[in-house]
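Right, one structure below, let's go through it.
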Amino acid sequence: MRKLFLTLFYSGLSPKAPGTVGSFVALILGMFLIKYIPESTLFLLAFLVSVIAAKEIDKYEKEVGVHDGKEIVIDELAGMWIALSICGINQENFYILSALAFIFFRVFDIWKPSIIGKIDREVKGGWGVMGDDIVAGFAGGVAAAGVYQLLVYFVL
C-alpha cells in the first residue's frame, strides 16, 4: 500500500519523466475533485496528504536507502493540488487555469529557483521530499493566476 500511495498509483514508475507523469495524474485527479469540492478543501487535502506522505517517505527511505527516489511522486500531487487550489480557478477559466497551473508547477519543480532549490538540497527526509513541491505549488499557482490575469487584460 505504501508504494501505491508514494508512487501515486504507480505513475511514478514510468520509465520516462516520472515527475511529469505523476503531476499529470495529480492534475486529472485535482480537476475531477475541484468539480465537486471547494478549492479550500482541495488545499486542505493537499496538506493532509503532505503530512501522511512525509511520514511514509521517512519509512520508505529507510527501507530502500535512497533519498527522494524518482518513483516517489506523491509530492507532485501535493504541489499540483496547491497550485490548482490557489490559482483562482472557476467554471469560466477551468481548462486554461488547469493547464497554466500544471505548466508553472512543473517549471518551478524542475527549475527549483531560490527557496525551492534550497529546500530540495538541504532538508532531509520526508519533509525535504515534500517541501520543495509544496513551495513550487504556491509559486506555480501564483504564476498561473498572474498570467491568466494578463491574458484576460490583453488577449481574452
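In this chain, numbering begins with 1 at the start of the sequence shown. Quick note: numbers below take in every heavy atom, side chains included, and nothing from hydrogens, waters or symmetry partners. Just so it is clear, the structure is predicted and the values come from calculations on it, not from any experiment.
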Any side-chain heavy atom of Val73 sitting closer than 4.5 Å to one from Ser11?
yes

Side chain of Asp58, backbone of Gly126: donor and acceptor closer than 3.5 Å?
yes

Drop me the distance from Asp120's CG to Ile115's CD1, to the nearest 0.5 angstrom.
11.5 Å

Distance col, row Leu4:CG vs Tyr10:OH, nearest 0.5 angstrom, shows 5.0 Å

Min side-chain heavy-atom separation Leu44-Leu48 under 4.5 Å
no

Heavy atoms, side chains only, cut-off 4.5 Å: are Met130 and Ile74 in contact?
yes

Residues, nucleotides or ligands: over 12 heavy atoms within 6.0 Å of Glu92 CD:
no

Answer yes or no: is there a side-chain heavy-atom contact under 4.5 Å between Asn93 and Val152?
no

I want to check something: taking the side chain as every heavy atom from C-beta on, are Met31 and Tyr95 in contact at a cut-off of under 4.5 Å?
yes

Within this structure, what is the NZ-CH2 distance for the pair Lys55 and Trp127, rounded to the nearest 0.5 Å?
9.0 Å

Could you give the distance from CG (Leu45) to OG (Ser40), rounded to the nearest 0.5 Å?
9.5 Å

With salt bridge (Lys or Arg N to Asp or Glu O under 4.0 Å) as the rule and sequence neighbours excluded, what pairs involving residues 68-80 come up?
Glu76-Arg106

I'd like to check Leu97 versus Phe102 (side-chain heavy atoms, cut-off strictly below 4.5 Å). Are they in contact?
no

Report the C-alpha separation of Phe5 and Val49 in whole Å, then their side-chain angles, then the decisive distance to 0.1 Å, and conclude whether the side chain to side chain contact (heavy atoms under 4.5 Å, CB included) test is met.
CA-CA 10 Å; Phe5 174 69; Val49 166; 4.2 Å; yes

Show the numbers, then the answer: is there a side chain to side chain contact (heavy atoms under 4.5 Å, CB included) between Tyr60 and Lys3?
CA-CA 8 Å; Tyr60 184 76; Lys3 192 165 189 174; 4.3 Å; yes

Checking side chain to side chain contact (heavy atoms under 4.5 Å, CB included) between Leu77 and each of Ile82, Leu29, Leu27, Val25, which is the one that passes?
Leu29

Euclidean distance, Glu39 CD relative to Leu84 CG, rounded to 0.5 Å
9.5 Å

Ring-plane angle category for Phe138 and Phe47, please: parallel below 30°, perpendicular beyond 60°, tilted otherwise.
tilted

Side-chain heavy-atom pair Tyr148, Cys87 within 4.5 angstrom cut-off
no

Under 4.5 Å between any side-chain heavy atoms of Ile116 and Trp111, yes or no?
no

